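Note that the structure is a prediction, hence the values are computed from the model and not measured. Nothing fancy with the numbering, it's 1 onward along the sequence.
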Amino acid sequence: MQKNPIVRALCVLLCLVTCAGYLCLQIHADTPKVGSVNAGAALLLDADSGRVLFEQHAHTRMPMASTTKIMTALVVLERCDLHATVSIDERAVGTEGSSVYLYPGELLTIEQLLYALMLSSANDAAAALAYETAGSIEGFAWLMNQKATELGLENTHFANPHGLDADGHYTTAYDLARLTAYALQNEDFLRIVSTQKKVIPLREQQGARVLRNHNKLLASYPNCIGVKTGFTKKSGRCLVSAAERDGVRLICVTLDCPDDWRTHTALLDDGFATYERVTLANENTYMTSLPVVGGTQDQVLLYTQAEVALTLPRTRNEIGCRIEAMHFYYAPIAQGEQVAYAVWTLDGQEIARAPLYAVHKVEQKKQKMRTPWDWLRMLLNQLKELL
């Protein structure tokens with residue numbers, strides 16, 4: 001039987017539900033037990049799924065102080081060579097606020113400046129990186145805003161690379177958490193923000209600068225991996241933290257929070273106590289088999305290519321799994337061809353889906369050529385049935 005590709009395509013469209021990615025999260029789950037916190041805005045985010053676990057005024061636009069430097073570092077990392085040497089632009093020297101006291105014409109690498117930026121929160125390092133990357137503060141701010149647009153940060157706008165108070169310089173706890181989740185996927189960013197102490201040169205090896213990370217949670221909170229502190233009189237104390245435990249990565253953001261260290265500790269503790277990482281399917285997991293018509297085999301085995309794992313409430317009902325597929329498939333089927341979906345549900349809500357692929361190929365069965373007498377016999381048999 002010759003497979004009709006148009007018919008098959010229509011069947012697939014009718015019977016399979018497509019999705020933009022491997023995972024789609026739409027669950028109503030337990031939330032951490034922390035009530036309101038003493039902060040202008042706060043948010044706890046599951047970094048892998050993007051699911052908000054706790055929020056308070058999380059979409060209110062507010063100043064962000066030196067947490068701005070998360071975007072500064074990200075833009076630099078995506079555009080510059082870490083090992084490139086920078087001659088410090090004299091316009092960066094003496095920038096207001098926290099500083100590592102750069103000298104005009106001093107030679108440092110991009111990486112060394114990034115350590116100064118993220119550990120010591122050096123505003124002169126932020127300016128030096130901006131001049132090196134874009135030629136001006138305004139040009140670099142444009143790159144920051146371009147990246148914010150690319151990431152869909154609808155309530156974020158940058159006016160400078162360091163976070164000093166300025167008109168049109170704002171973000172939200174939600175946008176800042178999403179930005180951080182994205183930035184932490186960059187291995188160089190993660191390595192830098194999780195470093196507690198770093199030594200970089202002072203004026204061509206005439207001495208050394210000892211940089212100590214302002215983020216106290218790196219030393220006090222188990223499994224903390226970053227990220228950035230900030231403060232101005234206008235913004236109040238700002239803090240973005242991240243911690244990872246047993247496969248769960250949480251990001252906590254507070255803006256204008258006078259007791260930020262204890263607030264982050266409480267929110268992270270409650271998040272880890274409430275949620276866990278659950279593996280629904282391992283890489284290359286056999287899932288099911290489906291019938292095949294007109295093939296050299298009457299079944300095709302299906303498997304998941306990638307791991308499917310989610311952060312889910314520790315207290316939950318049983319997770320269900322169903323296969324979305326046609327009732328049968330026409331041969332041929334190629335090895336590795338996507339033919340169905342596995343769909344996981346919790347409390348009647350879809351929480352994840354993954355495409356299923358053919359473990360092996362199924363070739364089309366060769367049909368014997370029919371003679372005119374074969375066709376005549378078939379016609380006579382049909383006539384007998386009608387009579």
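Across all non-hydrogen atoms, the minimal contact from L45 to A181 is CD2-CB, 4.3 Å. Closest approach of A130 to I137, counting heavy atoms only: CB-CD1, 4.0 Å. Taking all atoms of both residues into account, the shortest heavy-atom contact from A342 to C321 is CB-SG, 4.4 Å. Scanning both residues, A177 and I251, for their nearest heavy atoms gives O-CD1, 3.8 Å. For C224 against L218, the heavy-atom pair with the smallest separation is O-CD2, 3.6 Å.
Listed for the S120 side chain is no donor-acceptor partner under 3.5 Å among the backbone atoms of Y115. At least one donor-acceptor pair under 3.5 Å links the side chain of H360 to the backbone N or O of L301. Using modelled atom types, no side-chain atom of K147 and backbone atom of M71 make a donor-acceptor pair closer than 3.5 Å. Checking side-chain atoms of N215 against main-chain N and O of G226 turns up a donor-acceptor pair under 3.5 Å. A donor-acceptor contact shorter than 3.5 Å is absent between the side chain of T279 and the backbone of N282. Without hydrogens or angle criteria, Q56 side chain to A39 main chain gives a donor-acceptor distance under 3.5 Å. Between the side chain of D124 and the backbone N or O of L102, at least one donor-acceptor pair lies under 3.5 Å. Listed for the D270 side chain is no donor-acceptor partner under 3.5 Å among the backbone atoms of A266.
M64 is not listed as a side-chain neighbour of I70, based on a closest heavy-atom distance of 4.5 Å or more. V37 is not listed as a side-chain neighbour of D259, based on a closest heavy-atom distance of 4.5 Å or more. Side-chain contact between L217 and L239 is present, with at least one heavy-atom pair separated by less than 4.5 Å. In this structure, the side chains of Y275 and R51 come closer than 4.5 Å at one or more pairs of heavy atoms. Two residues are said to be in side-chain contact when any heavy atoms from C-beta on lie closer than 4.5 Å; V278 and L310 fail this criterion. Counting heavy atoms from C-beta outward, F328 and V300 have side chains that stay 4.5 Å or more apart. Contact of the F231 side chain with the C238 side chain is not registered, since no non-hydrogen atoms from C-beta on lie closer than 4.5 Å. Using a 4.5 Å heavy-atom threshold, the side chains of K69 and N123 count as touching.
Within 6.0 Å of CG in D81 there are more than 12 heavy atoms belonging to other residues, nucleotides or ligands. Around the CD atom of E187, the shell of radius 6.0 Å holds no more than 12 heavy atoms that belong to other residues, nucleotides or ligands. Counting non-hydrogen atoms of other residues, nucleotides and ligands closer than 6.0 Å to CD of E78 gives a total above 12. Counted within 6.0 Å of CD on Q146, heavy atoms from surrounding residues, nucleotides or ligands total more than 12; the atom is thus considered enclosed. When the shell of 6.0 Å around CZ of R61 is examined, it contains more than 12 heavy atoms from other residues, nucleotides or ligands. Annotation: R262, atom CZ; neighbour count of heavy atoms from other residues, nucleotides and ligands within 6.0 Å does not exceed 12. Remark: K197 NZ is loosely packed, at most 12 non-hydrogen atoms of other residues, nucleotides or ligands lying under 6.0 Å away. Residue-environment remark: OH (Y286) exceeds the threshold of 12 foreign heavy atoms within 6.0 Å.
Put simply, V75 and Y170 are part of two different groups of oily side chains (I, L, V, M, F, W, Y) that touch within less than 4.5 Å, one to the next. A single hydrophobic cluster is seen to contain both L129 and I192, as judged by linkage of ILVMFWY side chains at heavy-atom distances under 4.5 Å, directly or through other members. Tracing side-chain contacts under 4.5 Å through hydrophobic residues (I, L, V, M, F, W, Y), one never reaches V199 starting from V100; they form parts of separate clusters. I225 and V227 fall within a single hydrophobic cluster, where Ile, Leu, Val, Met, Phe, Trp and Tyr side chains are chained together by heavy-atom contacts under 4.5 Å.
Residues K228 and T68 bring no donor and acceptor atom of their side chains to less than 3.5 Å of each other. Checked by atom type, the side-chain pair N317/D347 shows a donor-acceptor distance below 3.5 Å. Judged purely by distance below 3.5 Å, without hydrogens or angles, the side chains of K198 and N213 never pair a donor atom with an acceptor atom. A donor atom on one side chain and an acceptor atom on the other are found under 3.5 Å apart for S66 and S121. Side-chain contact annotation: D46 with T311, donor-acceptor N/O pair under 3.5 Å present. With hydrogens and angles left out, the side-chain atoms of H264 and S241 include a donor and acceptor closer than 3.5 Å.
Taking OG1 of T288 as the start and CZ of R322 as the end, the distance is 14.0 Å to the nearest 0.5 Å. Taken from CG in L53 to CD in E55, the straight-line distance is 10.0 Å, to the nearest 0.5 Å. Atoms CG and CD1, from L113 and I88 in turn, are 4.5 Å apart once rounded to the nearest 0.5 Å. Here H162 contributes atom NE2 and T72 contributes atom OG1; the two are 8.5 Å apart, rounded to the nearest 0.5 Å. For the atom pair CG (L302) and CD1 (I323), the distance works out to 7.5 Å, reported to the nearest 0.5 Å. The line from CG of N223 to OG of S194 is 12.0 Å long, rounded to the nearest 0.5 Å.
Salt bridge status for E276 with R316: present, with a side-chain N to carboxylate O gap under 4.0 Å. Between E154 and R178, none of the side-chain N atoms (NZ, or NE/NH1/NH2) sits under 4.0 Å from a carboxylate O, so this pair counts as no salt bridge. Between R237 and D260 there is a salt bridge, since a side-chain N of the basic residue sits under 4.0 Å from a carboxylate O of the acidic one. Ion pairing of R209 with E106 is present here, as a side-chain N (NZ or NE/NH1/NH2) and a carboxylate O approach within less than 4.0 Å.
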Would you please test L184 and F189 for side chain to side chain contact (heavy atoms under 4.5 Å, CB included) and show each step?
-> CA-CA 6 Å; L184 286 171; F189 180 91; 4.0 Å; yes
